[in-house]
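Okay, structure first, notes after.
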Amino acid sequence: MRLNESEWLFINEIVYKFSACSDFDEARTQFLTDIHLLIPYSSGSFYLSDKNNPGAICKPIVNKLPTEVAANYMKFGFREDYAKWLFATSEGKAYNPSSWFVGEDGITETSYFKMFFALTNLRYSVLLSLAYEDAFMGIVCLYRLEELHDFTDKDLFILETFKKHLALRIWKEEFSDEASSPASSFNVTNGEVADLSARYHLTVREGEVLRFLISGMTITEIAEHLSISESTLRTHSRNIYKKLGISYRSELNKLLHVGQI
């Protein structure tokens, strides 16, 4: 499959932005936004593998797809999904489910399609399964409305150029030893956070955010506790990481462990 120079340059830009963004949810959101310029789609989602429940997915990020659709899918819909076998695959690969069925209307006769189409009016899909070291890491799903044409082999090829980059970032954030070891186990005190804030010239608010980041609370939980938007919180997080000289939240664990902050 041949891509032109501008397409390869944009692929490189997407990979760079995904790797450089310090907030993982924001990185996934940005990926769904950017990939639309290479592969036009109507709605999209990006799920992670549930490390506490093998064969299941969690933590959806959606684009132009109602959040309740993603939530209901994880609770009920996956039981009927003809693609749920991908949640246990050890191979990173892009798929077009239309090719799994015989005849133009084969896929539309499945119970899952009827349920999903009734809720979303989405007809076509392409799925990118993500795996790292033979373990399922997550899945990217792009959908198109019925009045649009199906995804092409070129679309699948473009998606596959991202599979290793996406899977490696998920592994670092969710499955590596650093990600699995909660920062709260280091029992950093308020006094120590104050010392860190002074040493790295953090603002009062950044010091508060750092304390909650170390505690292991989620972005949503921290934002609610501080009564600020998640967007504002992510801005504080980026500023903190820049001052500490790190890129990911998971790197806080390493810095705490070796006593560098």
Side-chain angles (χ1 to χ4, degrees), residues 1-19 21 27-49 57 60-66 69-70 73 77-78 81-110 112-114 116-117 119-132 136-170:
M1 185 68 64
R2 297 180 64 86
L3 301 180
N4 61 44
E5 183 178 359
S6 63
E7 288 171 325
W8 280 118
L9 288 173
F10 192 53
I11 286 172
N12 288 335
E13 178 68 13
I14 293 175
V15 169
Y16 171 76
K17 290 166 69 175
F18 182 79
S19 301
C21 184
R28 290 193 288 150
T29 299
Q30 188 63 53
F31 175 78
L32 287 178
T33 300
D34 289 341
I35 196 64
H36 181 270
L37 299 176
L38 281 173
I39 307 175
Y41 65 88
S42 305
S43 298
S45 56
F46 191 152
Y47 295 87
L48 303 182
S49 174
I57 53 177
I61 293 292
V62 297
N63 184 28
K64 300 180 181 179
L65 186 72
V69 171
Y73 172 78
F78 79 95
D81 190 355
Y82 43 71
K84 64 182 179 182
W85 61 272
L86 289 177
F87 305 162
T89 184
S90 60
E91 180 183 15
K93 187 176 179 180
Y95 301 88
N96 184 336
S98 296
S99 65
W100 299 344
F101 298 85
V102 178
E104 180 67 22
D105 298 326
I107 194 171
T108 63
E109 294 303 313
T110 64
Y112 174 73
F113 179 88
K114 292 177 180 178
F116 187 73
F117 181 79
L119 293 172
T120 64
N121 200 37
L122 296 168
R123 167 65 173 84
Y124 303 107
S125 64
V126 64
L127 312 173
L128 178 62
S129 176
L130 303 170
Y132 180 80
F136 175 67
M137 294 285 109
I139 190 165
V140 175
C141 312
L142 306 181
Y143 306 98
R144 284 178 178 161
L145 294 168
E146 186 174 28
E147 58 265 29
L148 303 178
H149 59 77
D150 200 355
F151 292 93
T152 65
D153 289 342
K154 181 179 179 179
D155 295 331
L156 270 68
F157 178 80
I158 290 174
L159 265 184
E160 287 205 352
T161 65
F162 298 101
K163 63 183 181 182
K164 292 184 178 180
H165 304 284
L166 303 185
L168 178 59
R169 177 78 190 265
I170 296 173

Value rounded to 0.5 Å, distance of [atom1] in [X] from [atom2] in [Y]:
X: Ile158; Y: Phe151; atom1: CD1; atom2: CZ; answer: 11.5 Å
X: Gln30; Y: Asn63; atom1: CD; atom2: CG; answer: 10.0 Å
X: Cys141; Y: Leu86; atom1: SG; atom2: CG; answer: 8.5 Å
X: Leu156; Y: Thr161; atom1: CG; atom2: OG1; answer: 11.5 Å
X: Ser45; Y: Lys64; atom1: OG; atom2: NZ; answer: 14.0 Å

*Assess whether atom CZ of Phe157 is packed by more than 12 heavy atoms of other residues, nucleotides or ligands within 6.0 Å.*
yes

*Enclosure of Asn4 CG (heavy-atom neighbours >12, cutoff 6.0 Å)*: yes

*asked:* Using a 3.5 Å distance criterion without hydrogens, assess whether the side chain of Ser125 forms a donor-acceptor pair with backbone atoms of Tyr143.
replied: no

*asked:* Under the criterion side chain to side chain contact (heavy atoms under 4.5 Å, CB included), I'd like the reasoning laid out for Asp81 against Phe116: C-alpha separation, chi angles, the key distance, then a yes or no.
replied: CA-CA 9 Å; Asp81 190 355; Phe116 187 73; over 6 Å; no

[X] versus [Y], closest heavy-atom pair with distance:
X: Ile35; Y: Leu32; answer: CG2-O, 3.5 Å
X: Glu91; Y: Tyr95; answer: OE1-OH, 4.0 Å
X: Ile107; Y: Ser98; answer: CD1-N, 4.1 Å
X: Leu122; Y: Ser42; answer: CD2-CB, 3.8 Å
X: Lys84; Y: Phe78; answer: CD-O, 3.1 Å
X: Asn121; Y: Leu145; answer: O-CD2, 3.4 Å

Can you check whether [X] reaches [Y] side chain to side chain, under 4.5 Å on heavy atoms?
X: Leu38; Y: Phe162; value: yes
X: Phe46; Y: Thr29; value: no
X: Thr108; Y: Phe101; value: no
X: Leu3; Y: Ile11; value: yes
X: Tyr47; Y: Phe87; value: no

*Sole candidate of Leu128, Ile139, Val15 that passes side chain to side chain contact (heavy atoms under 4.5 Å, CB included) when paired with Leu166*: Leu128

*Going through the checks in order, is the ring pair (Phe, Tyr, Trp, His ring centres under 6.0 Å) test met by Trp100 and Phe113?*
CA-CA 13 Å; Trp100 299 344; Phe113 179 88; over 10 Å; no

*Using the ring pair (Phe, Tyr, Trp, His ring centres under 6.0 Å) rule, take Tyr112 and Tyr82 through it: C-alpha gap first, then chi angles, then the decisive distance, then the call.*
CA-CA 7 Å; Tyr112 174 73; Tyr82 43 71; 5.4 Å; yes

*Please assess Leu142 against Leu159 for the test side chain to side chain contact (heavy atoms under 4.5 Å, CB included), listing each intermediate value before the final yes or no.*
CA-CA 10 Å; Leu142 306 181; Leu159 265 184; 4.3 Å; yes

*Which word best sums up how the rings of His36 and Tyr41 line up, parallel for under 30°, tilted for 30 to 60°, or perpendicular for over 60°?*
perpendicular

*Should the ring pair Phe31 and Phe18 be called parallel, tilted or perpendicular, given that the plane angle runs from 0 to 90° and is split at 30 and 60?*
perpendicular

_Residue pairs involving residues 139-152 (criterion salt bridge (charged side-chain N to carboxylate O under 4.0 Å, His left out); sequence neighbours excluded)_ = Arg144-Asp155

_Stepwise side chain to side chain contact (heavy atoms under 4.5 Å, CB included) check, Tyr132 with Ile170_ = CA-CA 9 Å; Tyr132 180 80; Ile170 296 173; over 6 Å; no

